[in-house]
Amino acid sequence: MGKRIFTICVILLLTLLFILPCRFLSTLTNNIIDLSERAVVAVHSEDWQLGAQLLQELNLLFAANKKTMHLFLSHAIVEDIEARLQSCMELMYVQDQPQSLQELETVITRAHNLKSIESLTWFTLL
């Protein structure tokens, strides 16, 4: 009886370890992508105030989830995205449209890549 309970607990723990990070990253990256795409639209229309506001939200969202991301992602990836977000924030204040767009597109690409890093597949289970 004790072995069954232990086995069930291990299976539940492993299931949670595969599902929770995936869900967390999926939700976070969807929010990052949404805010970044809205910032791209603001930069295209040269609405620098809205762009700065959206980037402020992005930086706050990222800062709030940074410690959790460090638990299961490479620190280099997390630090790179954070540096790009901060750089983009500074570019909003100097109103550098080409560089801002490039940084935002890089953030969007990295966010899409984060989604694929932690995904629940048969390969990751094996």
Side-chain angles (χ1 to χ4, degrees):
M1 183 68 172
K3 288 183 181 180
R4 283 188 186 178
I5 293 173
F6 177 76
T7 304
I8 290 171
C9 288
V10 168
I11 290 172
L12 286 173
L13 178 66
L14 289 175
T15 303
L16 288 176
L17 287 175
F18 280 109
I19 292 174
L20 291 180
C22 183
R23 288 204 182 255
F24 168 77
L25 265 183
S26 179
T27 303
L28 180 62
T29 55
N30 285 339
N31 290 339
I32 290 172
I33 291 168
D34 179 53
L35 287 170
S36 297
E37 287 175 345
R38 289 172 46 203
V40 166
V41 171
V43 170
H44 272 297
S45 64
E46 296 186 6
D47 187 353
W48 300 106
Q49 185 176 10
L50 177 61
Q53 179 185 356
L54 290 168
L55 275 164
Q56 183 66 31
E57 289 179 40
L58 261 169
N59 280 308
L60 290 173
L61 173 70
F62 200 82
N65 294 291
K66 182 179 174 182
K67 286 184 180 180
T68 308
M69 292 174 71
H70 277 288
L71 293 175
F72 48 87
L73 290 175
S74 165
H75 289 236
I77 293 170
V78 175
E79 300 302 326
D80 179 55
I81 294 173
E82 182 181 36
R84 290 188 184 277
L85 286 172
Q86 291 173 353
S87 168
C88 199
M89 185 69 174
E90 292 172 13
L91 290 168
M92 286 292 165
Y93 292 126
V94 296
Q95 300 180 359
D96 185 352
Q97 186 181 33
Q99 191 66 30
S100 296
L101 290 172
Q102 182 179 0
E103 293 291 331
L104 283 168
E105 290 299 332
T106 303
V107 168
I108 291 170
T109 302
R110 297 286 163 95
H112 280 293
N113 290 342
L114 285 180
K115 274 185 167 181
S116 63
I117 289 174
E118 287 289 325
S119 59
L120 182 61
T121 63
W122 286 108
F123 181 73
T124 56
L125 288 173
L126 301 175

When rounded to the nearest 0.5 angstrom, what distance separates [atom1] in [X] from [atom2] in [Y]?
X      : Y      : atom1 : atom2 : answer
Met92  : Leu55  : CE    : CG    : 4.5 Å
Met69  : Phe24  : CE    : CZ    : 6.5 Å
Leu114 : Ser74  : CG    : OG    : 10.0 Å
Ile77  : Asn113 : CD1   : CG    : 8.5 Å
His112 : Asn30  : NE2   : CG    : 9.0 Å
Asn65  : Leu28  : CG    : CG    : 5.0 Å

So which atom in Ile33 and which in Ile108 form the shortest heavy-atom distance, rounded to 0.1 Å?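 Nearest heavy atoms, Ile33 then Ile108: CG1-O, 4.3 Å.
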
For Cys88 versus Leu104, what's the shortest heavy-atom pair and its separation?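 In terms of heavy atoms, the two residues are closest at SG-CG, 3.5 Å.
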
Of all pairs that satisfy side-chain hydrogen bond (donor to acceptor under 3.5 Å, both in side chains), the ones with a partner from [range], not counting sequence neighbours:
range           : result
residues 85-101 : Gln99-Glu103
residues 31-41  : none
residues 41-51  : none

Remaining members of the apolar cluster that contains Ile8, side-chain heavy atoms under 4.5 Å: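 Once heavy-atom contacts under 4.5 Å are chained together, Ile8 belongs with Leu12.
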
Mind checking who shares a hydrophobic cluster with Ile11, ILVMFWY linked at side-chain heavy-atom distances under 4.5 Å?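 When side chains under 4.5 Å apart are linked, Ile11 ends up in no cluster with other residues.
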
same_hphob_cluster(Met89, Val94) at 4.5 Å side-chain heavy-atom cutoff: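 No, it is not one cluster - the side chains of Met89 and Val94 are not joined through contacts under 4.5 Å.
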
Under a single-linkage definition using a 4.5 Å side-chain heavy-atom cutoff for Ile, Leu, Val, Met, Phe, Trp and Tyr, are Val43 and Leu91 assigned to the same hydrophobic cluster?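 Not linked; separate clusters.
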
Residues two or more places apart in sequence or in another chain: which of them pass salt bridge (Lys or Arg N to Asp or Glu O under 4.0 Å) with Glu82?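 Listed in chain order: Lys66.
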
Which residue pairs satisfy the salt bridge (Lys or Arg N to Asp or Glu O under 4.0 Å) criterion with at least one member in residues 15-29, sequence neighbours excluded?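 The answer is none; no pair qualifies.
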
The criterion is side-chain contact (heavy atoms from CB on, under 4.5 Å); which residues satisfy it with Leu60, sequence neighbours excluded?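 Counting only residues at least two positions away or on another chain, Leu60 forms a side-chain contact (heavy atoms from CB on, under 4.5 Å) with Gln56.
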
Quick one: are Leu14 and Val10 in side-chain contact, heavy atoms under 4.5 Å?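 Of all side-chain heavy-atom pairs linking Val10 with Leu14, at least one is under 4.5 Å.
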
